[in-house]
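These notes concern the structure reproduced below.
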Protein chains: 2
Amino acid sequence: MSRTRFDRLNCGVARALEILGDWWTLLIVRDAFFGVRRFADFQADLGIARNILADRLRRLVEHGVLAKVDVGRSGVRHEYRLTEKGEALLPVLTALREWSDEWVFGPGAEPVIVRDRATRRRVPRLEVRSDDGRVLGRRDLRTEPGPGASAETRALLERRP
Amino acid sequence: MSRTRFDRLNCGVARALEILGDWWTLLIVRDAFFGVRRFADFQADLGIARNILADRLRRLVEHGVLAKVDVGRSGVRHEYRLTEKGEALLPVLTALREWSDEWVFGPGAEPVIVRDRATRRRVPRLEVRSDDGRVLGRRDLRTEPGPGASAETRALLERRP
DNA sequence: CAGTATCCTCGCAGATACTG
DNA sequence: CAGTATCTGCGAGGATACTG
């Protein structure tokens, strides 16, 4: 059988993964954050096959993460630019990079450092926090059905104390 | 040719994706955060094939995200529990869920609401912030080579102003 | 219950040639 | 330059049967 699709699942993580969850997509988005905009530049930087790249870019445009903009004369050049929806992925990429910096590369071996342009200081770690500033872990959180919860989601959450 | 592997790439996002970037892995981790611990429970909840689930669990244990714990008598029951490294993925899952809640489901249609157990209040959005509390977007950030940067990473970052 | 062993099918991906 | 078309194949993923 073919791959199970997640786009009907009543779960935010699943839906996001249906769009972003394959091997290449988030790397393409990362490149977009770094300022890459042209087909050839994505291709050269990632070493991805041209047809795969074309497919991923098309999907990202369909989902509104990137916008394909005609630039220059006669539509022979295009650029792929992050939309607002795309830029909203910054916390996702940041969280992945920070996790990897700490747990895969190890502290002190990060390939990239990110600073606030204004203050020149390193950006504080991305953490789940409460109103009053406490850092929250899994056990500090309580999940409950939201307005968009399906019956299954509701049942699932109630089974789990 | 087979898939390009990312585990030699000098990039945090790529390394993280080499571990987490397939279709199922982050959903398994999400379930673990929800409190799922048993093979059969993962299988029933996700509808994933048993051999694929076994493979993913093994990989997650190898990478230290989950720990396989013998429980009960004579090693006939096991549980998979999040390690510290695994729990450190909370921001990643949170970022994905929040992005999806806002941009895929739309505001007011979130399947799940997350509250701070202590205050009962909803958890503030995960945002990249500066020391002084400003919310930072892509253009507010400056990336530079870190201590673990390879020559390629260094060159890449310098090409991009 | 928690897997392993097999088999099978597509989808993902790479390589290359071609086109407006 | 920015793709499309075509070929090819590995392997991810699904289904099922079996086992300690």
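Every value quoted in this text rests on a predicted model; they were computed, and no experiment measured them. Reckoned from all heavy atoms, side chains included, excluding hydrogens, waters and symmetry mates.
Comparing C/dG3, C/dG14, D/dG3 against the side chain of A/Ala54 picks out D/dG3 as the nearest. Checking C/dG3, D/dT4, C/dA2 against the side-chain heavy atoms of B/Lys68 singles out C/dG3 as nearest. Listed nucleotides: C/dG14, C/dC1, C/dG3. Nearest to the side chain of B/Arg77: C/dC1.
The distance from atom NE2 of B/His78 to atom C1' of C/dA2 is 7 Å, rounded to the nearest whole Å. Here D/dT16 presents its P atom at 17 Å from CG of B/Leu53, a figure rounded to the nearest Å. One interatomic measurement links the two molecules: CZ of B/Arg59 to P of D/dG11, which rounds to 13 Å at whole-angstrom precision. Rounded to whole Å, atom C1' of D/dC1 lies 17 Å from atom CZ of A/Arg37. Put simply, CZ on B/Arg58 is 12 Å from P on D/dA12, counting in whole angstrom units. Between the C1' atom of C/dA2 and the CG atom of B/Asp45 lies a distance of 17 Å, rounded to the nearest Å. The CG atom of A/Asp55 sits 12 Å away from the P atom of C/dG14 (whole-angstrom rounding). Remark: P of C/dG11 and CG of B/Asp22 are 17 Å apart, rounded to the nearest angstrom.
Using a 4.0 Å heavy-atom cutoff across all strands shown, B/Tyr80 reaches sugar-phosphate atoms only and no base atom. Heavy atoms of B/Arg5 sit under 4.0 angstrom from primed sugar atoms or phosphate atoms, though from no base atom.
Across all strands shown, C/dG20 pairs with D/dC1; the Watson-Crick or G-U wobble distances both stay below 3.5 Å. Within the shown strands, D/dT6 is the pairing partner of C/dA15 under the Watson-Crick or G-U definition, both distances less than 3.5 Å.
In summary, of the residues considered (A/Arg142, A/Arg134, A/Arg129), a salt bridge (charged side-chain N to carboxylate O under 4.0 Å, His left out) with B/Asp116 occurs for A/Arg134 alone.
Considering every non-hydrogen atom in both B/Ala109 and A/Pro147, the closest pair reads N-CG, 4.2 Å. Closest approach of B/Arg138 and A/Leu82 over heavy atoms only: NE-CD1, 3.7 Å.
Under the 6.0 Å distance and 45° angle rule, B/Arg37 does not count as a cation-pi partner of B/Phe39.
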Using the 3.5 Å cut-off, write out each protein N or O paired with an N or O of nucleotides 5-10 of chain C and the distance between them.
from  : atom 1 : to      : atom 2 : distance (Å)
C/dT6 : O4     : B/Asn51 : ND2    : 3.2

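Residues A/Glu144 and B/Arg120 are not paired through a salt bridge, judged by the lack of any N-O separation under 4.0 Å between the basic side chain and the carboxylate.
With values rounded to the nearest 0.5 angstrom, B/Leu57 atom CG is found 11.5 Å from B/Glu62 atom CD. Rounded to the nearest 0.5 angstrom, B/Leu141 CG and B/Ser130 OG are separated by 9.5 Å.
Nearest-nucleotide positions on DNA chain D place A/Glu79 closer to the 5' end than the other of A/Glu79 and A/Trp23.
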